[in-house]
Protein chains: 2
Amino acid sequence: MNTTINDIARLAGVAKSTVSRYLNGGNVSERTKAKIRKVIEETNYEPNSFAQSLKAKKTNFIGVIAPTLDSYVTSTVLMAIDEELRKQDYTTLILSTSKQIDREIESLISLSRQKVDGIILIATGMTEKHIETIQSLHIPVLIVAQEVEQFNCIINDDYQAGFEMGQYVAGKGHQSVAYLGVTKSDIAVGQRRKQGILDGLNQGGANEVKVFQTEFDLQDAARITEELLEHFQPTAIIGATDTIAFGALKTLSRLGKKVPQDISLSGFGGYNISEVIHPALTTIRYNNRETGILAANTIIKMTNEEVVPPLQVSGFSFIEGESVQNLKG
Amino acid sequence: MNTTINDIARLAGVAKSTVSRYLNGGNVSERTKAKIRKVIEETNYEPNSFAQSLKAKKTNFIGVIAPTLDSYVTSTVLMAIDEELRKQDYTTLILSTSKQIDREIESLISLSRQKVDGIILIATGMTEKHIETIQSLHIPVLIVAQEVEQFNCIINDDYQAGFEMGQYVAGKGHQSVAYLGVTKSDIAVGQRRKQGILDGLNQGGANEVKVFQTEFDLQDAARITEELLEHFQPTAIIGATDTIAFGALKTLSRLGKKVPQDISLSGFGGYNISEVIHPALTTIRYNNRETGILAANTIIKMTNEEVVPPLQVSGFSFIEGESVQNLKG
DNA sequence: TATCGAATCGGAACCGGTTCCATTTGTTTG
DNA sequence: CAAACAAATGGAACCGGTTCCGATTCGATA
């Protein structure tokens, strides 16, 4: 079967402690080093990392819990986390919950059983149960994308992003605006971003703003858009995400309404695809790679018991497309 | 610190072998069961899975190597793999290589050190080095998306898909067609799909077909499209992937050419987004979830040393959008 | 009540590493 | 050349589980 450190020791005619020292850079004479090196090369020996972490009480695993893998935002964040962690000799264990909130709890427990050194939770909401579970774990947990008082968090500046978008749309002269938001159990998107948008719109002079609620997916957003247009005729629609905006776009083009001539549209996200869509979508681009890198470095610090700021904010930039019409002059 | 099986045994006043038996369903009397259960509940004990797999020589980890996480296809396949594996009590270890081919080799070795029970490699190409490395591992490896004689593979029916697309486009009366393909080191897309398209076009009567090579990303495809249009005026462009087709679309709309009135366009992939794009892209949708589920079940069989067919093929469907104009009648 | 087999349980070895400690070997210095 | 010290090495314990094996307990039967 697989060669073990005992085999190496036997074949090299030394004690296994000497082999271990050789592998970990202890005091070994050149002569025995050579002997051991030779045997290891001949046998393709690879140390069993389970046995290593059993003694070391450190697995160099970091667990990441993501709501889904097939969204632009999460996968970009995940890629960045993975790359950064690997640079620092950690292995990333990604669990996806398929947006089922109870699977988040389950995943937290499962990861703690795997004895990961730390957990990054890309969250969509945060219940009492989450908080309890995390506190019962004896592992550092970093929350990404939601703000919770009790834990270390990395968030986007959703209020400010929303505010700038609201101000921009209102600044183009849009007075009656529909906002396609999401559940308020999502603090980041459902509460902060929304509040930012409302404040921005208000400050910019929009006086007829209506809020509608949709799921995160394209189909539902398309359906809600259709419904809302039956009793409200805004000059602009703001989607809480780009996907939601695309959903609205789907309905609009089906109804023969042109963007931005007949109605304006904007979103949040900044997917690559947005630039091919005609008209290019006006949106907010979050710096997802930066978020991922920051998350990776933060969780490593946490496992080393260094102090980290409880709340860190990742940046964004405003992308002006052609999807919002200027109603002024 | 963390409670161990020894603590439980001590607190319950039994031997640790009894606790182990309790946990694994051996012969334990009701009375001691109750005692142990009580202690375990009080202490929130979770067995250390490293210690378990050390003895068991089985980790219940399956490693998955993916070229990237931020592509629609890979992330859908990954989600399906992960869900299916979890159902069967396996943990998925996802490594992304950021499209660097040498990191695939590195990842294979790294996963074997983690003693995963099996590896699923979502491949973009297959070199001699890959084959050597895989053979030197003593772990079952399943190749997805590429066909290699030596190993078990799951592929899409790329030739047939290409053929149907070629036939369709030619059938609409397009005689001069540009194909935006990729490197032939990618056997699936770069060779089979291409050959299918060429054969389909040929059989459908297209007589001026030119092949161009691009990277997989949108930007490069946009650039190549611009170049090719300088000395070739096809009535249709076929992209090897939807992303490549979007890249072409970007250039076309920048040059003021309308799809499909001025030029027709099609792709491969079937992303959600394709239906919002106007015009809806004609494309081939692969059944990525099915591929993932099949991959998960196959690798489990392989770890159990069951025989599996060396080559399995996953299906696709033709999606007719509005991006290919009928030049006939 | 003695006997016997099955159920229950504890002790010890094992998985493959790391690390402490004591011993041996080698080198330097007085 | 002996003493003193450092370097090199082997042996044993340990990490936290599982499993084998032998001992004990228990209940049923004769």
Side-chain angles (χ1 to χ4, degrees), chain A residues 1-40 43-61 89 91 110 112-117 138-139, chain B residues 1-40 43-61 89 91 110 112-117 138-139:
Chain A
M1 253 300 286
N2 260 321
T3 47
T4 73
I5 199 171
N6 281 299
D7 302 330
I8 305 298
R10 193 166 30 78
L11 291 171
V14 298
K16 68 172 183 173
S17 49
T18 307
V19 179
S20 174
R21 260 190 307 263
Y22 165 82
L23 291 167
N24 299 296
N27 279 335
V28 182
S29 74
E30 282 306 326
R31 234 161 48 90
T32 50
K33 264 187 194 166
K35 277 194 294 184
I36 297 174
R37 188 179 314 126
K38 187 155 164 290
V39 176
I40 287 184
T43 53
N44 283 319
Y45 167 70
E46 294 280 355
N48 182 325
S49 51
F50 285 105
Q52 289 179 316
S53 17
L54 180 57
K55 180 76 193 210
K57 303 234 179 198
K58 189 159 191 299
T59 58
N60 271 28
F61 275 22
D89 268 324
T91 299
S110 152
S112 94
R113 286 206 46 182
Q114 309 286 3
K115 304 292 171 194
V116 297
D117 295 339
H138 301 213
I139 309 176
Chain B
M1 253 298 287
N2 259 323
T3 46
T4 73
I5 200 172
N6 282 299
D7 302 330
I8 305 298
R10 190 168 32 78
L11 292 170
V14 298
K16 69 173 179 171
S17 49
T18 307
V19 179
S20 175
R21 259 190 307 265
Y22 166 82
L23 291 168
N24 299 296
N27 278 335
V28 183
S29 73
E30 283 307 325
R31 232 161 50 91
T32 49
K33 266 188 193 166
K35 276 195 296 184
I36 297 174
R37 187 179 315 125
K38 186 154 166 288
V39 176
I40 287 184
T43 53
N44 283 321
Y45 166 71
E46 294 281 355
N48 181 326
S49 51
F50 286 103
Q52 289 178 315
S53 19
L54 180 56
K55 179 79 193 207
K57 302 240 179 194
K58 187 155 191 303
T59 59
N60 271 27
F61 275 24
D89 268 325
T91 300
S110 151
S112 93
R113 286 205 47 181
Q114 310 285 5
K115 305 291 171 195
V116 297
D117 295 339
H138 299 211
I139 310 175

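Only a predicted model underlies this, so the values are computations on that prediction, with no experimental measurement involved. Sequence lines set the chain letters: A, B, ... in the order given, protein chains first and strands last, and positions in each chain run from 1.
- Considering only heavy atoms from C-beta on, S53(B) stays 4.5 Å or farther from K115(B) through its side chain.
- Side-chain contact between I8(A) and T43(A) is present, with at least one heavy-atom pair separated by less than 4.5 Å.
- Heavy atoms of other residues, nucleotides or ligands lying less than 6.0 angstrom from NZ of K38(A) number 12 at most.
- Residue-level contact check: S49(A) touches neither bases nor backbone, having no heavy atom under 4.0 Å from any strand.
- No contact: S53(A) has no heavy atom under 4.0 Å from any strand.
- The side chain of P47(B) approaches dG17(D) more closely than any other nucleotide in the set dG17(D), dC9(C), dT19(C).
- In this structure, T18(A) reaches the dG10(D) phosphate: one of its side-chain N or O atoms is under 4.0 Å from OP1 or OP2.
- Taking atom CG of N48(B) as the reference point, atom C1' of dG16(D) lies 6 Å away to the nearest angstrom.
- If you check dC9(C), dT9(D), dG16(D) against the side chain of T4(B), the one that comes closest is dG16(D).
- One can place CG of N6(A) at 10 Å from C1' of dC15(C), the figure rounded to the nearest angstrom.
- By the 30° and 60° cut-offs, the orientation of the rings of F61(A) relative to F50(B) is perpendicular.
- Atom-to-atom, CD1 of I5(B) to C1' of dG11(C) comes out at 14 Å; the value is rounded to the nearest Å.
- Using a 4.0 Å heavy-atom cutoff across all strands shown, V28(B) reaches sugar-phosphate atoms only and no base atom.
- Contact check, Y22(B) against dG10(C): no side-chain N or O comes under 4.0 Å of OP1 or OP2.
- Map A51(B) and A15(B) each onto its nearest nucleotide of DNA chain C; the residue landing nearer the 5' end is A15(B).
- Atom-to-atom, CD1 of I36(A) to C1' of dA8(D) comes out at 11 Å; the value is rounded to the nearest Å.
- With distances taken from any side-chain atom of Q52(B) to the nucleotides dC9(C), dT18(D), dC15(D), the minimum falls on dT18(D).
- Counting to the nearest Å, the C1' atom of dT18(C) and the CG atom of L54(B) are 13 Å from each other.
- Between the side chains of S20(B) and S17(B), no donor N or O sits under 3.5 Å from an acceptor N or O.
- Atom CG of D7(A) is separated from atom P of dG16(C) by 8 Å (rounded to the nearest Å).
- Within the 4.0 angstrom heavy-atom criterion, base atoms lie near N27(A).
- Protein atom CZ of R21(B) is 15 Å distant from nucleotide atom P of dG22(D), rounded to whole Å.
- Phosphate proximity of dT18(C) to N24(A): present, with a side-chain N or O under 4.0 Å from OP1 or OP2.
- In this structure, the nucleotide among dG17(C), dC9(C), dT18(D) sitting nearest to the side chain of S29(B) is dC9(C).
- Contacts of S20(B) with the nucleic acid, taken as non-hydrogen atoms under 4.0 Å apart, include base atoms.
- Atom pair K57(A):NZ and dG17(D):C1' shows a separation of 12 Å (rounding to whole Å applied).
- Judged by distance alone, with hydrogens and angles left aside, K16(B) brings a side-chain donor or acceptor within reach of the base of dG17(D), the pair sitting under 3.5 Å.
- Remark: the T91(A) side chain and the Q114(B) side chain contain an N/O donor-acceptor pair separated by less than 3.5 Å.
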